[in-house]
Amino acid sequence: MNDSKQHIAALIQARMRSTRLPGKVMAEVVDRPVIWHVVRRAKDIESVNDVIVVTSKKPDDDIIEKFCMEHRIKCFRGSEEDVLDRYYQAAKHFGIKTIVRITADCPMLDPVIVNQAIKEYLVGGYDYVSTAYPEASYPDGLDTEVFSFQTLESAWRDARLPSEREHVTPFIWKNEKGRFRIGNINHSPNLSDKRWTLDDETDLQFIREIYTKLYKEDSIFYMGDVLKLLEKHPELESINSGTKRNEGYLKSLEEDIIKMSDGEETSLNVSESLRLFEQAKKIIPSCTQTFSKGWTQYPFGVSPIFVSRADKGHVWDVDGNEYIDWPMALGPIILGHNYPTVIEAVKEQLNNGVAFSLPHMKELNLAEKLCQWFPYAEMVRFGKNGSDATAGAIRAARAYTGKDVILCCGYHGWQDWYIGTTTRSAGVPKTVRDLTVPFPYNDINTLERFLKQYKGKVAAVIMEPVGVIFPDKEYLYKVRELVHAHAALLIFDECWTGFRLHKQGAYGYFGVSPDMACFGKAMGNGFPISAIVGRADIMTIFDEIFFSFTFGGDVVGLTAALDVLKTIEERPVLETIEKRGKILIDGIIQLITEYELQSHIGLQGYPARNIMTFVNDGYDGLLLKSVVQQEAIKQGILCGGYHVVTYSHTEKDINDTISAYKKIFAILKGAIDSKNLRSLLKGKMVKPVFRKF
């Protein structure tokens, strides 16, 4: 400890040119400038033997150097904007082994807390220790960071973004995995909602009030003293309660976007999305609950990451930007966001309870409705999402047939039995993966070969009757004949096609009835619900297998589904979707032809669900997709590369989208012809959620 102490220095970052409160470091608090109080407190840190003010070479900061000289405080001057370089050059100049980073806007810095951080750094063998990352639990204004010179040098060498250069340490904690060992000291209870820093005039007023009541010339006060004072005078906290934590860092994140745009600033402000993203990284793996909604699915840096509200066919992000919404929550919306009759039905149910100790009569109501709706359906079981339904159907098929192998075609959810066939198979035992075999769509010969290869072992064939490619003539009939010839069950996964391709799904469109079918998504218009329907002799196996969970008969989802089906019966829902969806498809295809992009962009699907395909860009289509998304977002179009047309999308929404694509395709054509496509992308390229083996 004593040997290390000789190499530990507090570097106090200070400058006069503050955007929100210019000259704040020299503002007077009880007849002393703020910088004096910060230095005074830094000198009281037990483990620190040197305190150095690091300021810029700008003439505005001459006053800081003069102050330091008058008070015999060491001072170093460097770059104004590149504060990381300023810190590195100062540490190198003074031969500092361990750096304690302090900012001059923290006149209530607590030396005891700083010392705790230093001890944690030394004892724990860390590269970096903070009171604020990965979790802030101390009041804003008591932030402390401790790190080695080697860590600082590594960041100085490799950091590129404005936020990483201006704020010194973001590069360190953004590269924690595999590069830096990071520690954090916490306080319980969490006090991060308290604001004791100095960024604006209200902060200065608050700090002056605290100092007036607690400051003594011969001693300093600590966090505990301030907390006791605020208990007696809670009104003091209202003085500066309206300012965001780390507002300066958020401003730098916006500058990152400009840098990623090669100097061309996007017209879209996504700073609040980026702020929430930084927060989410600390507490939510992947920053999302659903991969396909996550930040990797849109060009990061120039795209919204979080939404705040939606209505009809539009959505608003947390920064207030409005978009025509084409992903529509990955498909569960068919009538439109906030469809009035569905919302009113749910509100009425909320007044009568949402969870019960016995089955609710609406389970019976909806089951009867579905059996009337689908002629092949004789019994029904409910779930919350599509994965519940497909997994339940697979378990039922295995129990009914006494066989284990499943042949699948399409996407069927996150459960082990299916996801083990994809590149997202981590955590799925090999023995489970081996029991499910994917087969290609519209290839009856391969299906027949697999049925023969696993003769006597196949419990079921589960497939999406339509993905975005339609079946060859008689294909679905031939599938059913083959499956039944091998004493297996045919399961249609209609989570996408149900209530969207036709009122009666694939059965209504093709006339082919499965043994069981799985429905979800559109059935609840955004409220979670799914269903397995099928022949009674098969469905009674649910009496034996375990398909039971607390929210299996969730009355909110049941209520929504009943109103959705009623609306589809009484209103021209599918007719409207068909008409407007066809206009959108025809318009996009015409533009692809007009701009001679057929070798790069295609469109597949049906009016209610169509997907753009991207090829021949050198990046498996991901570059083209990213550029299209980026440019669409600029024009108020949120598109994940596909379009889910709903009853609430208006003719104007369709026309505005086609107009946007006209501009986008013109840009693409020019970039492709000039071999300059890569330079169009200003954000990061999107990534696939998974790939099928």
Side-chain angles (χ1 to χ4, degrees), residues 81 158-167 170-171 174 249-278 280-281 287-288 293-307 315-327 595 597 600-601 612 614-641 657 659-688:
E81 300 297 337
D158 296 336
R160 293 290 181 270
L161 295 176
S163 65
E164 297 168 348
R165 306 299 302 191
E166 182 182 351
H167 294 275
F171 180 85
K174 285 198 292 186
Y249 177 58
L250 300 181
K251 179 66 175 175
S252 292
L253 290 178
E254 294 181 47
E255 293 171 7
D256 288 354
I257 299 172
I258 300 172
K259 183 175 179 69
M260 287 190 288
S261 301
D262 295 327
E264 178 188 338
E265 186 172 3
T266 174
S267 59
L268 191 70
N269 173 23
V270 292
S271 60
E272 182 66 5
S273 265
L274 290 168
R275 184 188 75 81
L276 293 174
F277 175 74
E278 291 298 324
K281 282 199 305 185
C287 302
T288 181
K293 297 180 182 180
W295 62 276
T296 62
Q297 301 307 291
Y298 297 88
F300 179 77
V302 293
S303 303
I305 302 172
F306 293 91
V307 299
V315 66
W316 288 259
D317 68 19
V318 292
D319 289 281
N321 302 303
E322 180 181 356
Y323 311 89
I324 298 172
D325 184 9
W326 287 120
Y595 289 97
L597 294 170
H600 294 279
I601 302 176
M612 299 174 78
F614 304 97
V615 293
N616 299 328
D617 65 354
Y619 296 88
D620 292 331
L622 296 176
L623 175 57
L624 272 166
K625 180 180 180 181
S626 301
V627 172
V628 168
Q629 288 179 305
Q630 169 187 280
E631 297 305 309
I633 284 168
K634 286 182 181 178
Q635 297 185 59
I637 310 292
L638 186 66
C639 176
T657 301
S659 295
Y661 281 135
K662 184 175 179 64
K663 297 175 184 176
I664 294 166
F665 289 176
I667 294 170
L668 288 181
K669 174 65 174 172
I672 291 170
D673 288 349
S674 63
K675 302 186 186 310
N676 200 32
L677 181 62
R678 186 64 181 86
S679 67
L680 281 182
L681 183 62
K682 306 308 178 183
K684 292 185 179 180
M685 198 178 304
V686 300
K687 300 177 182 179

Next item on the list: Start with the C-alpha gap between D319 and S271, add the side-chain angles, then the distance that decides, and say whether side chain to side chain contact (heavy atoms under 4.5 Å, CB included) holds.
Entry: CA-CA 7 Å; D319 289 281; S271 60; 3.5 Å; yes
Whether [X] side chain and [Y] backbone form a donor-acceptor pair below 3.5 Å:
{"X": "S273", "Y": "P304", "result": "no"}
{"X": "S626", "Y": "P299", "result": "no"}
{"X": "R165", "Y": "A159", "result": "yes"}
{"X": "Q297", "Y": "K687", "result": "yes"}

Mind checking what makes side chain to side chain contact (heavy atoms under 4.5 Å, CB included) contact with [X], not counting sequence neighbours?
{"X": "K281", "value": "K174, F277, E278, C287"}
{"X": "N676", "value": "S674, S679"}
{"X": "A632", "value": "I637, I664"}

Out of curiosity, [X] [atom1] to [Y] [atom2], how far, rounded to the nearest 0.5 Å?
{"X": "I601", "Y": "L668", "atom1": "CD1", "atom2": "CG", "value": "5.0 Å"}
{"X": "M685", "Y": "Q630", "atom1": "CE", "atom2": "CD", "value": "11.0 Å"}
{"X": "I305", "Y": "R275", "atom1": "CD1", "atom2": "CZ", "value": "12.0 Å"}
{"X": "Q629", "Y": "F614", "atom1": "CD", "atom2": "CZ", "value": "7.5 Å"}
{"X": "N616", "Y": "I672", "atom1": "CG", "atom2": "CD1", "value": "9.0 Å"}
{"X": "N269", "Y": "N321", "atom1": "CG", "atom2": "CG", "value": "6.5 Å"}

Can you name the closest pair of heavy atoms from [X] and [Y] and give their distance?
{"X": "C639", "Y": "Y298", "answer": "O-CE2, 3.5 Å"}
{"X": "L622", "Y": "P688", "answer": "CD1-CD, 3.7 Å"}
{"X": "P327", "Y": "G640", "answer": "CG-N, 3.8 Å"}
{"X": "Y595", "Y": "K669", "answer": "O-CD, 3.1 Å"}

Check: Are V627 and L624 close enough, and set up right, to give a side chain to side chain contact (heavy atoms under 4.5 Å, CB included), and what steps lead you there?
Finding: CA-CA 5 Å; V627 172; L624 272 166; 5.9 Å; no
Next item on the list: For the pair Y323 and I633, evaluate side chain to side chain contact (heavy atoms under 4.5 Å, CB included) and give the outcome as yes or no after the intermediate values.
Entry: CA-CA 7 Å; Y323 311 89; I633 284 168; 3.9 Å; yes
Margin query: Can you list everything that forms a salt bridge (Lys or Arg N to Asp or Glu O under 4.0 Å) with K663? Sequence neighbours excluded, please.
Written below: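 Applying salt bridge (Lys or Arg N to Asp or Glu O under 4.0 Å) to K663 gives none.
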Next item on the list: Please name all residues satisfying ring-ring contact (aromatic ring centres under 6.0 Å, His included) with F306, sequence neighbours left out, ordered by chain then number.
Entry: none
Item checked: Results of side-chain hydrogen bond (donor to acceptor under 3.5 Å, both in side chains) for D617 - residues two or more places apart only -> none
